[in-house]
2 protein chains.
Amino acid sequence: MLDISVAAFNDRGYDATSMGVLAERLGTTKSAIYYHVAGKEDLLRLALDKALDGLESVLEEPGARNGSPADRLRFVLRGAVLVLVRELPYVTLLLRLRGNTELERSALERRRRFDHEIATLVDLARADGSVRTDIDSRTITRLLFGMINSIVEWYKPDGSLTPDQLADDVIAIAFGGLQQPAER
Amino acid sequence: MLDISVAAFNDRGYDATSMGVLAERLGTTKSAIYYHVAGKEDLLRLALDKALDGLESVLEEPGARNGSPADRLRFVLRGAVLVLVRELPYVTLLLRLRGNTELERSALERRRRFDHEIATLVDLARADGSVRTDIDSRTITRLLFGMINSIVEWYKPDGSLTPDQLADDVIAIAFGGLQQPAER
DNA sequence: GTCTATACAAGGATAGAC
DNA sequence: GTCTATCCTTGTATAGAC
(Lines give C-alpha, C1' and ligand atoms only; values in the text may rest on other atoms or scores of the structure.)
Protein backbone atom coordinates (compact mmCIF):
# COMPACT_ATOMS: atom_id res chain seq x y z
CA MET A 1 0.00 0.00 0.00
CA LEU A 2 2.80 2.43 0.86
CA ASP A 3 4.52 1.49 -2.37
CA ILE A 4 1.51 2.23 -4.52
CA SER A 5 0.84 5.49 -2.71
CA VAL A 6 4.40 6.69 -3.13
CA ALA A 7 4.34 5.74 -6.80
CA ALA A 8 1.24 7.90 -7.20
CA PHE A 9 2.87 10.79 -5.32
CA ASN A 10 5.87 10.60 -7.60
CA ASP A 11 3.76 10.43 -10.75
CA ARG A 12 1.60 13.43 -10.05
CA GLY A 13 3.30 15.21 -7.18
CA TYR A 14 2.31 14.82 -3.53
CA ASP A 15 -0.02 17.81 -3.41
CA ALA A 16 -1.67 17.02 -6.70
CA THR A 17 -2.47 13.47 -5.61
CA SER A 18 -5.88 13.36 -3.95
CA MET A 19 -7.11 10.64 -1.65
CA GLY A 20 -9.62 9.90 -4.39
CA VAL A 21 -7.10 8.95 -7.06
CA LEU A 22 -5.06 7.22 -4.40
CA ALA A 23 -8.05 5.03 -3.55
CA GLU A 24 -8.57 4.41 -7.24
CA ARG A 25 -4.99 3.24 -7.77
CA LEU A 26 -5.23 1.08 -4.67
CA GLY A 27 -8.42 -0.45 -6.01
CA THR A 28 -10.36 0.58 -2.93
CA THR A 29 -12.15 3.58 -1.42
CA LYS A 30 -11.04 6.64 0.46
CA SER A 31 -12.52 5.44 3.73
CA ALA A 32 -10.68 2.12 3.56
CA ILE A 33 -7.40 4.01 3.45
CA TYR A 34 -8.28 5.85 6.63
CA TYR A 35 -8.67 2.54 8.43
CA HIS A 36 -4.98 1.82 7.83
CA VAL A 37 -3.33 5.21 8.13
CA ALA A 38 -4.19 8.40 9.96
CA GLY A 39 -4.25 10.41 6.74
CA LYS A 40 -2.39 11.45 3.66
CA GLU A 41 0.46 13.01 5.59
CA ASP A 42 1.00 9.74 7.44
CA LEU A 43 1.87 8.04 4.18
CA LEU A 44 4.31 10.82 3.43
CA ARG A 45 5.96 10.44 6.82
CA LEU A 46 6.46 6.69 6.40
CA ALA A 47 8.01 7.18 2.99
CA LEU A 48 10.36 9.98 4.02
CA ASP A 49 11.60 8.01 7.01
CA LYS A 50 12.54 5.13 4.76
CA ALA A 51 14.51 7.42 2.48
CA LEU A 52 16.31 9.28 5.25
CA ASP A 53 17.09 6.16 7.28
CA GLY A 54 18.67 4.64 4.20
CA LEU A 55 20.83 7.65 3.41
CA GLU A 56 21.93 8.19 6.98
CA SER A 57 22.91 4.55 7.35
CA VAL A 58 25.60 5.09 4.71
CA LEU A 59 27.39 7.54 6.98
CA GLU A 60 27.42 4.97 9.80
CA GLU A 61 29.33 2.35 7.86
CA PRO A 62 33.03 1.83 8.58
CA GLY A 63 34.03 2.78 5.04
CA ALA A 64 32.56 6.23 5.59
CA ARG A 65 34.63 6.76 8.73
CA ASN A 66 38.05 5.27 8.01
CA GLY A 67 40.65 5.80 5.35
CA SER A 68 41.81 8.78 3.31
CA PRO A 69 39.31 11.59 2.73
CA ALA A 70 39.20 10.76 -0.96
CA ASP A 71 38.45 7.12 -0.24
CA ARG A 72 35.82 8.04 2.32
CA LEU A 73 34.26 10.43 -0.19
CA ARG A 74 34.20 7.74 -2.85
CA PHE A 75 32.66 5.30 -0.39
CA VAL A 76 29.91 7.70 0.61
CA LEU A 77 29.11 8.73 -2.95
CA ARG A 78 28.86 5.10 -3.96
CA GLY A 79 26.72 4.36 -0.92
CA ALA A 80 24.44 7.30 -1.65
CA VAL A 81 23.93 6.14 -5.23
CA LEU A 82 23.16 2.59 -4.11
CA VAL A 83 20.66 3.70 -1.47
CA LEU A 84 19.11 6.11 -3.91
CA VAL A 85 18.55 3.28 -6.35
CA ARG A 86 17.46 0.76 -3.74
CA GLU A 87 14.92 3.14 -2.22
CA LEU A 88 14.27 4.95 -5.48
CA PRO A 89 10.62 5.96 -5.01
CA TYR A 90 11.15 7.06 -1.42
CA VAL A 91 14.21 9.13 -2.14
CA THR A 92 12.49 10.61 -5.18
CA LEU A 93 9.70 11.82 -2.98
CA LEU A 94 12.19 13.27 -0.51
CA LEU A 95 14.12 15.15 -3.15
CA ARG A 96 10.99 16.84 -4.48
CA LEU A 97 9.75 18.25 -1.19
CA ARG A 98 9.07 21.96 -1.01
CA GLY A 99 8.82 22.33 2.76
CA ASN A 100 5.16 23.33 2.84
CA THR A 101 4.35 21.67 6.15
CA GLU A 102 6.14 21.06 9.42
CA LEU A 103 6.67 17.42 8.47
CA GLU A 104 8.25 18.38 5.18
CA ARG A 105 10.47 20.95 6.80
CA SER A 106 11.84 18.53 9.37
CA ALA A 107 12.58 15.99 6.62
CA LEU A 108 14.42 18.66 4.66
CA GLU A 109 16.38 19.51 7.77
CA ARG A 110 17.50 15.89 8.15
CA ARG A 111 18.49 15.87 4.51
CA ARG A 112 20.50 19.05 4.95
CA ARG A 113 22.45 17.45 7.76
CA PHE A 114 23.30 14.54 5.48
CA ASP A 115 24.44 16.91 2.73
CA HIS A 116 26.51 18.80 5.22
CA GLU A 117 28.44 15.72 6.26
CA ILE A 118 29.40 15.09 2.66
CA ALA A 119 30.39 18.72 2.20
CA THR A 120 32.76 18.22 5.11
CA LEU A 121 34.30 15.23 3.36
CA VAL A 122 34.82 17.31 0.23
CA ASP A 123 36.63 19.91 2.30
CA LEU A 124 38.87 17.25 3.85
CA ALA A 125 39.67 15.85 0.43
CA ARG A 126 40.56 19.33 -0.78
CA ALA A 127 42.86 19.86 2.16
CA ASP A 128 44.91 16.80 1.27
CA GLY A 129 45.08 17.61 -2.43
CA SER A 130 42.76 14.96 -3.86
CA VAL A 131 40.07 17.46 -4.88
CA ARG A 132 40.70 20.56 -6.97
CA THR A 133 41.09 23.87 -5.16
CA ASP A 134 40.47 26.21 -8.09
CA ILE A 135 36.70 26.08 -7.58
CA ASP A 136 34.74 27.04 -4.51
CA SER A 137 34.10 24.10 -2.21
CA ARG A 138 30.37 24.68 -1.91
CA THR A 139 29.97 24.97 -5.66
CA ILE A 140 31.71 21.63 -6.07
CA THR A 141 29.55 19.96 -3.46
CA ARG A 142 26.35 21.29 -4.92
CA LEU A 143 27.16 20.30 -8.47
CA LEU A 144 28.15 16.87 -7.17
CA PHE A 145 24.84 16.47 -5.39
CA GLY A 146 22.98 17.78 -8.40
CA MET A 147 24.50 15.06 -10.52
CA ILE A 148 23.76 12.30 -8.04
CA ASN A 149 20.29 13.42 -7.05
CA SER A 150 19.27 13.72 -10.69
CA ILE A 151 19.45 9.94 -10.89
CA VAL A 152 15.95 9.68 -9.43
CA GLU A 153 14.64 11.53 -12.48
CA TRP A 154 15.81 9.02 -15.06
CA TYR A 155 17.17 5.77 -13.62
CA LYS A 156 15.06 2.71 -14.43
CA PRO A 157 15.83 -0.24 -12.14
CA ASP A 158 14.72 -2.73 -14.77
CA GLY A 159 17.07 -1.42 -17.44
CA SER A 160 20.46 -2.82 -18.39
CA LEU A 161 22.46 -0.41 -16.24
CA THR A 162 23.04 -2.11 -12.88
CA PRO A 163 23.21 -0.09 -9.66
CA ASP A 164 26.87 -1.02 -9.21
CA GLN A 165 27.72 0.01 -12.73
CA LEU A 166 25.87 3.28 -12.24
CA ALA A 167 27.78 3.94 -9.04
CA ASP A 168 31.04 3.26 -10.85
CA ASP A 169 30.03 5.65 -13.63
CA VAL A 170 29.05 8.38 -11.21
CA ILE A 171 32.36 8.16 -9.39
CA ALA A 172 34.32 8.06 -12.64
CA ILE A 173 32.56 11.16 -13.97
CA ALA A 174 32.60 12.94 -10.65
CA PHE A 175 36.35 12.58 -10.23
CA GLY A 176 37.49 12.51 -13.85
CA GLY A 177 34.87 14.47 -15.78
CA LEU A 178 33.91 14.00 -19.39
CA GLN A 179 37.43 13.72 -20.75
CA GLN A 180 38.91 10.43 -21.80
CA PRO A 181 40.69 8.98 -18.74
CA ALA A 182 44.48 8.79 -18.94
CA GLU A 183 45.99 5.38 -19.66
CA ARG A 184 47.38 3.59 -16.68
CA MET B 1 2.57 40.05 -11.50
CA LEU B 2 3.93 37.08 -13.43
CA ASP B 3 7.14 37.34 -11.45
CA ILE B 4 5.41 37.25 -8.10
CA SER B 5 3.17 34.40 -9.17
CA VAL B 6 6.07 32.31 -10.39
CA ALA B 7 7.98 32.99 -7.18
CA ALA B 8 5.00 31.67 -5.24
CA PHE B 9 4.76 28.61 -7.48
CA ASN B 10 8.42 27.88 -6.87
CA ASP B 11 8.15 28.36 -3.13
CA ARG B 12 5.24 26.06 -2.53
CA GLY B 13 4.89 24.10 -5.74
CA TYR B 14 2.44 24.96 -8.52
CA ASP B 15 -0.36 22.67 -7.36
CA ALA B 16 -0.01 23.63 -3.73
CA THR B 17 -0.29 27.34 -4.56
CA SER B 18 -3.93 28.43 -4.42
CA MET B 19 -5.34 31.53 -6.03
CA GLY B 20 -5.96 32.70 -2.48
CA VAL B 21 -2.33 32.79 -1.36
CA LEU B 22 -1.43 34.13 -4.79
CA ALA B 23 -3.80 37.06 -4.27
CA GLU B 24 -2.34 37.55 -0.81
CA ARG B 25 1.22 37.72 -2.10
CA LEU B 26 0.10 40.06 -4.87
CA GLY B 27 -1.55 42.26 -2.30
CA THR B 28 -4.91 41.98 -4.03
CA THR B 29 -7.89 39.67 -4.29
CA LYS B 30 -8.62 36.51 -6.22
CA SER B 31 -11.12 38.24 -8.47
CA ALA B 32 -8.67 40.97 -9.43
CA ILE B 33 -6.33 38.31 -10.79
CA TYR B 34 -9.05 36.94 -13.04
CA TYR B 35 -9.38 40.33 -14.66
CA HIS B 36 -5.80 40.07 -15.93
CA VAL B 37 -5.40 36.40 -16.75
CA ALA B 38 -7.79 33.67 -17.74
CA GLY B 39 -6.83 31.51 -14.76
CA LYS B 40 -4.06 29.84 -12.87
CA GLU B 41 -2.94 27.75 -15.81
CA ASP B 42 -2.53 30.89 -17.90
CA LEU B 43 0.16 32.10 -15.55
CA LEU B 44 1.90 28.75 -15.86
CA ARG B 45 1.80 28.93 -19.65
CA LEU B 46 3.36 32.39 -19.75
CA ALA B 47 6.16 31.31 -17.42
CA LEU B 48 6.96 28.08 -19.25
CA ASP B 49 7.13 29.85 -22.60
CA LYS B 50 9.71 32.27 -21.23
CA ALA B 51 11.86 29.41 -19.97
CA LEU B 52 11.65 27.34 -23.14
CA ASP B 53 12.14 30.29 -25.50
CA GLY B 54 15.32 31.16 -23.61
CA LEU B 55 16.76 27.67 -23.71
CA GLU B 56 15.90 27.08 -27.35
CA SER B 57 17.48 30.38 -28.36
CA VAL B 58 20.86 29.03 -27.23
CA LEU B 59 20.72 26.35 -29.90
CA GLU B 60 20.07 28.99 -32.57
CA GLU B 61 23.26 30.93 -31.92
CA PRO B 62 26.21 30.56 -34.30
CA GLY B 63 28.47 29.18 -31.55
CA ALA B 64 26.11 26.24 -31.14
CA ARG B 65 26.28 25.39 -34.81
CA ASN B 66 29.88 25.94 -35.87
CA GLY B 67 33.21 24.61 -34.67
CA SER B 68 34.38 21.33 -33.21
CA PRO B 69 31.83 19.22 -31.37
CA ALA B 70 33.64 19.82 -28.09
CA ASP B 71 33.58 23.57 -28.63
CA ARG B 72 29.92 23.48 -29.62
CA LEU B 73 29.17 21.42 -26.53
CA ARG B 74 31.01 23.86 -24.32
CA PHE B 75 29.17 26.76 -25.94
CA VAL B 76 25.77 25.18 -25.42
CA LEU B 77 26.48 24.17 -21.83
CA ARG B 78 27.63 27.69 -21.05
CA GLY B 79 24.60 29.13 -22.81
CA ALA B 80 22.27 26.81 -20.92
CA VAL B 81 23.78 27.82 -17.58
CA LEU B 82 23.49 31.52 -18.46
CA VAL B 83 19.85 31.23 -19.56
CA LEU B 84 19.07 29.15 -16.53
CA VAL B 85 20.44 31.88 -14.30
CA ARG B 86 18.93 34.74 -16.27
CA GLU B 87 15.47 33.16 -16.29
CA LEU B 88 15.99 31.38 -12.99
CA PRO B 89 12.41 31.35 -11.67
CA TYR B 90 10.91 30.38 -15.00
CA VAL B 91 13.34 27.55 -15.65
CA THR B 92 12.92 26.38 -12.07
CA LEU B 93 9.21 26.04 -12.65
CA LEU B 94 9.82 24.18 -15.90
CA LEU B 95 12.22 21.71 -14.33
CA ARG B 96 9.77 20.78 -11.61
CA LEU B 97 6.83 19.93 -13.84
CA ARG B 98 5.22 16.53 -13.43
CA GLY B 99 3.17 16.48 -16.62
CA ASN B 100 -0.22 16.43 -14.94
CA THR B 101 -2.02 18.45 -17.59
CA GLU B 102 -1.89 18.79 -21.35
CA LEU B 103 -0.08 22.12 -21.00
CA GLU B 104 2.56 20.58 -18.75
CA ARG B 105 3.04 17.63 -21.05
CA SER B 106 3.62 19.78 -24.10
CA ALA B 107 6.15 21.88 -22.19
CA LEU B 108 7.97 18.72 -21.15
CA GLU B 109 7.98 17.60 -24.75
CA ARG B 110 9.66 20.85 -25.82
CA ARG B 111 12.20 20.38 -23.06
CA ARG B 112 12.91 16.83 -24.17
CA ARG B 113 13.65 18.07 -27.68
CA PHE B 114 16.17 20.53 -26.23
CA ASP B 115 17.82 17.79 -24.18
CA HIS B 116 17.97 15.58 -27.22
CA GLU B 117 19.91 18.14 -29.23
CA ILE B 118 22.54 18.30 -26.54
CA ALA B 119 22.69 14.51 -26.35
CA THR B 120 23.49 14.58 -30.04
CA LEU B 121 26.36 16.98 -29.40
CA VAL B 122 27.74 14.64 -26.73
CA ASP B 123 27.67 11.81 -29.23
CA LEU B 124 29.52 13.91 -31.81
CA ALA B 125 32.14 14.85 -29.24
CA ARG B 126 32.58 11.20 -28.34
CA ALA B 127 33.05 10.29 -31.96
CA ASP B 128 35.97 12.67 -32.33
CA GLY B 129 37.61 11.64 -29.08
CA SER B 130 36.96 14.67 -26.92
CA VAL B 131 34.54 12.88 -24.61
CA ARG B 132 35.25 9.58 -22.85
CA THR B 133 33.92 6.43 -24.44
CA ASP B 134 34.16 4.13 -21.40
CA ILE B 135 30.74 5.24 -20.13
CA ASP B 136 27.41 4.99 -21.89
CA SER B 137 26.56 8.12 -23.81
CA ARG B 138 23.09 8.52 -22.31
CA THR B 139 24.41 8.11 -18.80
CA ILE B 140 26.92 10.87 -19.46
CA THR B 141 24.29 13.19 -20.88
CA ARG B 142 21.90 12.62 -18.01
CA LEU B 143 24.48 13.15 -15.31
CA LEU B 144 25.58 16.28 -17.13
CA PHE B 145 22.04 17.62 -17.21
CA GLY B 146 21.53 16.64 -13.60
CA MET B 147 24.47 18.75 -12.60
CA ILE B 148 23.39 21.76 -14.63
CA ASN B 149 19.70 21.60 -13.82
CA SER B 150 20.45 21.34 -10.12
CA ILE B 151 21.63 24.94 -10.26
CA VAL B 152 18.05 26.15 -9.97
CA GLU B 153 17.87 24.50 -6.55
CA TRP B 154 20.67 26.47 -4.96
CA TYR B 155 21.99 29.36 -7.06
CA LYS B 156 21.32 32.80 -5.56
CA PRO B 157 21.66 35.59 -8.14
CA ASP B 158 22.56 38.12 -5.45
CA GLY B 159 25.47 36.10 -4.09
CA SER B 160 29.13 36.56 -4.89
CA LEU B 161 29.22 33.85 -7.56
CA THR B 162 28.62 35.56 -10.92
CA PRO B 163 26.76 33.76 -13.71
CA ASP B 164 29.91 33.77 -15.87
CA GLN B 165 32.00 32.35 -13.07
CA LEU B 166 29.38 29.69 -12.46
CA ALA B 167 29.36 28.76 -16.13
CA ASP B 168 33.17 28.48 -16.05
CA ASP B 169 32.98 26.26 -12.99
CA VAL B 170 30.35 24.01 -14.51
CA ILE B 171 32.37 23.51 -17.66
CA ALA B 172 35.57 22.91 -15.68
CA ILE B 173 33.90 20.28 -13.50
CA ALA B 174 31.96 18.75 -16.36
CA PHE B 175 35.06 18.20 -18.47
CA GLY B 176 37.73 17.76 -15.81
CA GLY B 177 35.89 16.39 -12.77
CA LEU B 178 36.85 16.87 -9.16
CA GLN B 179 40.54 16.16 -9.60
CA GLN B 180 43.11 18.91 -9.56
CA PRO B 181 43.58 20.06 -13.18
CA ALA B 182 46.94 19.32 -14.77
CA GLU B 183 49.36 22.23 -15.07
CA ARG B 184 49.62 23.85 -18.46
C1' DG C 1 -9.59 47.83 -12.26
C1' DT C 2 -10.68 46.19 -7.92
C1' DC C 3 -13.81 44.93 -4.43
C1' DT C 4 -17.58 41.69 -1.84
C1' DA C 5 -20.31 37.95 -2.21
C1' DT C 6 -21.13 33.67 -3.84
C1' DA C 7 -21.64 29.59 -6.96
C1' DC C 8 -19.92 25.13 -7.61
C1' DA C 9 -16.60 21.40 -7.62
C1' DA C 10 -13.03 18.76 -5.33
C1' DG C 11 -10.50 17.41 -1.46
C1' DG C 12 -9.63 15.49 3.28
C1' DA C 13 -11.80 13.23 6.73
C1' DT C 14 -15.58 10.84 9.59
C1' DA C 15 -20.03 8.12 10.84
C1' DG C 16 -22.19 4.12 10.80
C1' DA C 17 -23.96 -0.01 8.31
C1' DC C 18 -22.38 -4.46 6.92
C1' DG D 1 -11.80 -4.37 6.89
C1' DT D 2 -14.42 -2.21 3.56
C1' DC D 3 -18.45 0.09 1.92
C1' DT D 4 -21.95 4.33 1.21
C1' DA D 5 -23.21 8.60 2.59
C1' DT D 6 -22.00 12.84 4.30
C1' DC D 7 -19.57 16.84 6.63
C1' DC D 8 -16.65 20.65 6.28
C1' DT D 9 -12.95 23.09 4.22
C1' DT D 10 -10.56 24.75 0.46
C1' DG D 11 -10.14 25.88 -4.31
C1' DT D 12 -11.25 27.83 -8.90
C1' DA D 13 -14.03 30.84 -10.96
C1' DT D 14 -17.89 34.29 -11.79
C1' DA D 15 -21.54 38.09 -10.87
C1' DG D 16 -22.30 42.48 -10.00
C1' DA D 17 -21.52 46.77 -7.20
C1' DC D 18 -18.35 50.60 -7.00
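In the text below, chain A, chain B and the rest are named by the order of the sequence lines, each starting its count at 1. Note that these values count all heavy atoms, side chains included, but never hydrogens, waters or copies made by symmetry.
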Query raised in the report: Atom NZ of B:K40 to atom C1' of D:dG11: distance rounded to whole Å?
Result: 8 Å
Query raised in the report: Once you round it to whole Å, what is the distance between P of C:dA13 and CG of A:D42?
Result: 10 Å
Query raised in the report: Among side-chain atoms of B:Y90 and B:D3, is any donor-acceptor pair under 3.5 angstrom?
Result: yes
Query raised in the report: Reckon B:Y35 has a side-chain N or O less than 4.0 Å from the OP1 or OP2 of C:dT2?
Result: no
Report summary line: From the candidates D:dT12, D:dC3, C:dA13, the one with an atom nearest any side-chain atom of A:T28 is D:dC3
Query raised in the report: Across the strands shown, which category fits A:S31 at heavy-atom distances under 4.0 angstrom: base, sugar-phosphate, nothing?
Result: base
Report task. Please state whether the base of C:dG12 and the side chain of A:K30 form at least one donor-acceptor pair under 3.5 Å? Result -> yes
Query raised in the report: Is the side chain of A:T120 donor-acceptor paired with the backbone N or O of A:H116 at a distance under 3.5 Å, no angle test?
Result: yes
Query raised in the report: Within this structure, what is the CE-to-C1' distance between A:M19 and D:dT6, rounded to whole angstrom?
Result: 16 Å
Query raised in the report: Just by distance, do the side chain of A:D169 and the backbone of B:I135 share a donor-acceptor pair under 3.5 Å?
Result: no
Query raised in the report: Whole Å only: how far is the NE2 atom of A:H36 from the C1' atom of D:dC3?
Result: 12 Å
Query raised in the report: Can you check whether B:T29 has a side-chain N or O nearer than 4.0 Å to OP1 or OP2 of C:dC3?
Result: yes
Query raised in the report: How many Å lie between CD on A:E24 and C1' on D:dC3, as a whole number?
Result: 16 Å
Requested in this report: Using distance alone, with no hydrogens and no angle criterion, decide if B:Y34 and B:D42 have a side-chain donor and acceptor under 3.5 Å apart.
Outcome: no
Query raised in the report: Expressed in angstrom and rounded to an integer, what is the separation of B:D15 atom CG from D:dT10 atom P?
Result: 18 Å
Query raised in the report: In whole angstroms, how far is the C1' atom of C:dG11 from the CG atom of A:N100?
Result: 16 Å
Query raised in the report: Can you tell me if the side-chain N/O atoms of B:Y34 get under 4.0 Å from OP1 or OP2 in D:dT14?
Result: no
